[in-house]
Q: 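What follows is a single structure, and I will ask about it in a moment.
Convention: sequence-line order gives letters A, B, ...; per-chain numbering from 1.
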Amino acid sequence: MQTQLGSSDDRYKLLEKSMKKLGYDKNALIEILHSAQETFGYLDKETLKFIAKRTKSPYSKVYGVATFYHYFRLKPKGLHNAVVCLGTACYIKGADKILTSFEEKFEIKVGATTRDELLSLLSARCVGSCSLAPVVLFDNKPKGNLTTEEAMQKMQEMLND
Amino acid sequence: MINSLEELEALANTKRCNEQNCQEELRVCVGSSCASLGSENLKEILDAAIKENDISDACRVKAVGCNGLCAKAPLISHCNRATKISILYEEVEEADLDELIQSVLNAAPVTHKHCDITQDFFAAQTKIVLENAGIIDPDDIEDYIAHDGYKTLFETLENKLPNEVIEEIKKSGLRGRGGGGFYTGLKWESVAKVQSEQKYIICNGDEGDPGAFMDRALMEADPHRILEGMALAGYACGADKGYIYVRAEYPIAVEKLTRAIKQAKKLGILGENIAHSNFSFNVEIRLGAGAFVCGEATALITSIEGNRGNPRQKPPHLSDYGLFGQPTVLNNVETLANIVPILKRGAQWFKSIGTASSSGTKVFALTGHIQNSGLVEVAMGTTLRTLIYKIGGGIPHGKKFKAIQTGGPSGGCIPESLLDLEVDYESLKKVGSIMGSGGMIVMDEDANMVELARFFMDFCKSESCGKCTPCRVGTVQLTELLDKFVHKKATKKDLELLQNLSHVVKDTSLCGLGQSAPNPVLSTLKYFENEYLEGISND
């Protein structure tokens with residue numbers, strides 16, 4: 001039975017399919033959220049409600065899990081994204097300064113998207129490329145050994161692309 | 001399908017024979033550091049060049065896992081099977097590939113970009129866990145089998161009883177490599193003893209410690225060895241189901257493990273009645289979603305069950321009440337990677353490496369202000385000085401060493417006066433740090449220790465799950481106090497408060513995250529108190 005919520009959108013069908021594969025199992029909630037985020041790019045309330053209904057879980061539970069983990073986004077991403085790694089190795093090599101320079105230049109705080117939805121500025125706990133510290137992922141492509149100036153230059157290159 | 005040890009060996013031999021004619025092998029490292037500098041592209045170019053020159057019978061290009069010397073990425077090694085000579089090239093660029101192909105074609109030597117594999121970085125290491133890394137193709141189960149992979153599992157199923165496996169692991173003195181250092185054999189025994197229809201083996205690949213990438217490299221370079229270790233744990237403890245909990249931030253590790261499981265299932269190495277024995281074992285992957293607290297055993301388990309990763313009080317221990325309420329063994333990736341070599345070469349051999357209380361080796365991710373940053377594996381008991389100066393090549397730009405941080409946000413900073421410390425579980429604890437999962441971050445004279453302590457406290461603050469008050473409130477208060485020191489606005493009373501509060505959080509938090517969160521503060525206070533005193537304002 002198709003619910004009202006998802007009837008008009010093919011992406012809901014995709015999500016439905018992966019939930020079915022997981023047997024609508026409550027224990028697989030995190031897996032379901034992963035595949036929902038992959039499909040929609042982020043998790044909005046409608047999606048979370050849909051998942052709650054299909055897995056017969058309370059909405060509060062689904063919302064609680066989605067907000068507990070850093071990996072899940074509740075807001076849409078911008079056209080481009082830059083993830084500044086803030087692992088210890090990157091931190092001691094000046095990643096915090098790179099992040100601050102981005103924040104000042106684009107007038108947004110980390111975690112936010114610019115008003116024109118061109119750029120999402122994010123941070124990561126550690127991307128595991130510590131030998132290349134400091135590392136920034138520009139549209140998921142890692143660039144390492146960056147100075148603040150180089151980072152800004154790479155950022156501009158990405159945005160102009 | 002492989003149904004017996006003979007069939008496994010036959011497959012290994014066929015694979016070896018097939019490759020015998022192919023004398024030359026170019027191994028392109030596609031580990032995280034090399035890949036981010038475009039090594040996959042290099043591999044494609046090499047592949048095309050081999051085809052173009054029509055030498056695919058004589059030379060093979062192989063994508064392999066981490067070589068270790070990530071500071072010199074991308075790395076490509078050229079091996080000749082007949083002469084057994086292996087040459088490593090560092091910082092390879094597209095422009096160098098022509099010469100490399102020429103050297104394969106005409107045996108003409110490449111004149112530059114040689115990386116000396118006799119240098120201390122390689123020579124001072126002892127590779128057990130990482131012995132296959134950089135050598136085998138992680139995407140090819142046959143390559144693993146040709147390197148004696150799964151042989152230990154099949155031999156054990158044929159010749160050993162589960163309690164004999166546990167005895168061997170107990171005798172080896174292997175301890176948990178995730179940081180806790182609990183004896184693996186004892187852990188297995190406590191689960192094996194419990195009578196239960198269903199038991200679980202969990203592999204903890206949620207490497208949350210910022211500044212550590214050992215498990216990532218292992219999962220990416222040699223996924224089958226982890227599966228084999230899990231299956232052996234399952235056989236020893238009477239479990240038929242395993243879960244690998246991996247960070248979603250490690251997509252390549254997830255991909256390699258997923259492929260490895262699929263290949264092993266197809267060959268019947270995982271699944272029902274492995275090698276016609278009564279033993280069945282299946283493995284599933286569960287994705288983490290970025291929560292440091294999920295490295296804690298009870299939090300990880302509740303996360304696999306699809307909940308918020310809140311830890312709970314112990315007891316009951318996981319051996320009695322683990323995943324879905326069933327007896328569960330939870331081991332770290334590196335611990336499981338040690339199982340195969342122990343069973344293959346014996347507990348005595350393993351015990352002969354390392355120190356009396358900590359046998360074997362440990363993999364460290366050496367990063368920060370250091371010349372040769374990368375992945376290293378050394379025998380337990382190696383001194384910090386050897387790690388930093390011999391293997392690490394010292395501090396760049398002629399700067400002075402200040403401190404080395406081990407154990408991530410749960411560990412501490414060790415000053416220069418203690419550089420001759422022989423690294424093992426006990427010695428690190430004695431000086432106020434911990435082994436942790438194996439991140440080692442070197443800091444030069446310019447590093448500000450108070451800022452570093454604040455960085456870690458801020459991390460623990462945002463990672464605190466909020467269940468218990470000392471951790472939830474304490475980490476916030478501690479961060480604010482440290483802020484005052486960073487901005488040089490603290491008072492003498494603040495220093496006292498900082499110390500007291502650190503001890504309260506340490507003593508009264510529910511789980512390891514809170515209990516160890518003050519470690520960076522306490523250790524920097526111990527060794528670098530003057531920097532805190534500088535943060536006290538005089539007015």
Q: Quick check: are there more than 12 heavy atoms from other residues, nucleotides or ligands sitting under 6.0 Å from CZ of A:F106?
A: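 Counting other residues, nucleotides and ligands, CZ of A:F106 exceeds 12 neighbours.
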Q: By a 4.5 Å heavy-atom criterion (distance strictly below it), what part of B:L37 contacts chain A: side chain, backbone, both, or neither?
A: side chain
Q: Which atoms of B:A365 come close to chain A, meaning under 4.5 Å heavy atom to heavy atom: side chain ones, backbone ones, both, or neither?
A: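 Looking at B:A365, nothing touches chain A.
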Q: Quick one: what part of B:V293 sits under 4.5 Å from any heavy atom of chain A, side chain, backbone, both or neither?
A: side chain
Q: With side chains defined as the heavy atoms from C-beta onward, is the minimum distance between B:P409 and A:R125 less than 4.5 Å?
A: no
Q: Examine whether an atom of B:I285 lies under 4.5 Å from a heavy atom of chain A, and if so say whether it belongs to the side chain, the backbone or both; otherwise answer neither.
A: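 The backbone, not the side chain.
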Q: In the structure I gave you, are the side-chain heavy atoms of A:L29 and B:E305 within less than 4.5 Å of one another anywhere?
A: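 The answer is no; the side chains never approach within 4.5 Å.
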Q: With a 4.5 angstrom heavy-atom cut-off, which part of B:R308 approaches chain A: side chain, backbone, both or neither?
A: both
Q: Answer with side chain, backbone, both or neither: which region of B:A291 has an atom nearer than 4.5 Å to a non-hydrogen atom of chain A?
A: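 Both parts, backbone and side chain.
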Q: With side chain to side chain contact (heavy atoms under 4.5 Å, CB included) as the criterion, how do B:D444 and A:I92 come out once you've worked through the C-alpha distance, each side chain's angles and the decisive distance to 0.1 Å?
A: CA-CA 10 Å; B:D444 66 18; A:I92 67 161; over 6 Å; no
Q: Using non-hydrogen atoms only, which part of B:C465 is less than 4.5 Å away from chain A: side chain, backbone, both, or neither?
A: both
Q: With respect to chain A, which residue among B:A447, B:A73, B:S303 yields the maximal number of heavy-atom pairs within a distance under 4.5 Å?
A: B:S303
Q: Measure across B:F455 and A:L86 and return the closest heavy-atom pair with its distance rounded to 0.1 Å.
A: CZ-O, 3.2 Å
Q: Tell me the closest heavy-atom pair linking A:V65 and B:N307, and the distance in Å.
A: CG2-C, 3.9 Å
Q: Which heavy atom of A:C130 sits nearest to which heavy atom of B:A212, and what is that distance?
A: SG-N, 4.0 Å
Q: Can you name the closest pair of heavy atoms from A:Y91 and B:E451 and give their distance?
A: OH-O, 3.8 Å
Q: For A:V127 and B:E249: C-alpha separation, side-chain torsions, deciding distance, then whether side chain to side chain contact (heavy atoms under 4.5 Å, CB included) applies.
A: CA-CA 7 Å; A:V127 296; B:E249 288 93 331; over 6 Å; no
Q: Only pairs of heavy atoms separated by less than 4.5 Å count here; which of B:G208, B:A289, B:G31, B:G290 has the most with chain A?
A: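 Max contact count across the listed options: B:A289.
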Q: Could you look at B:I441 and say if it's the side chain, the backbone, both or neither that has a heavy atom under 4.5 Å from chain A?
A: side chain
Q: Name the region of A:K141, side chain, backbone, both or neither, that has any atom closer than 4.5 Å to a heavy atom of chain B.
A: neither
Q: Give, as side chain, backbone, both or neither, the part of B:S462 having an atom under 4.5 angstrom from any heavy atom of chain A.
A: backbone
Q: Is there a donor-acceptor contact under 3.5 Å from the side chain of A:Y69 to the main chain of B:G309?
A: yes
Q: Do A:K93 side-chain atoms and B:H369 backbone N/O form a donor-acceptor pair below 3.5 Å?
A: no
Q: Within the distance-only criterion (no hydrogens, no angle test), does the side chain of A:E31 pair as donor or acceptor with the backbone N or O of B:L287 below 3.5 angstrom?
A: yes
Q: Which residue out of A:I30, A:L137, A:I32 racks up the most heavy-atom pairs below 4.5 Å with chain B?
A: A:I30
Q: Check whether more than 12 heavy atoms from other residues, nucleotides or ligands sit under 6.0 Å from atom CD of A:E117, and answer yes or no.
A: no
Q: Name the region of A:K61, side chain, backbone, both or neither, that has any atom closer than 4.5 Å to a heavy atom of chain B.
A: side chain
Q: If you take all heavy atoms of B:S36 and A:L132, which pair is closest and at what distance?
A: OG-CD1, 2.9 Å
Q: So, the side chain of A:H34 versus the backbone of B:A248: is there a donor-acceptor pair under 3.5 Å, distance only?
A: no
Q: Return the minimal non-hydrogen interatomic distance between A:C126 and B:R247, and the atom names on each side.
A: O-NH2, 3.1 Å
Q: Measure from the side-chain N and O atoms of B:S33 to the backbone N and O of A:S131, and report whether any donor-acceptor pair falls under 3.5 Å.
A: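 No; zero donor-acceptor contacts below 3.5 Å.
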Q: Which answer fits B:F292, side chain, backbone, both or neither, if we ask what part of it has an atom under 4.5 Å from a heavy atom of chain A?
A: both
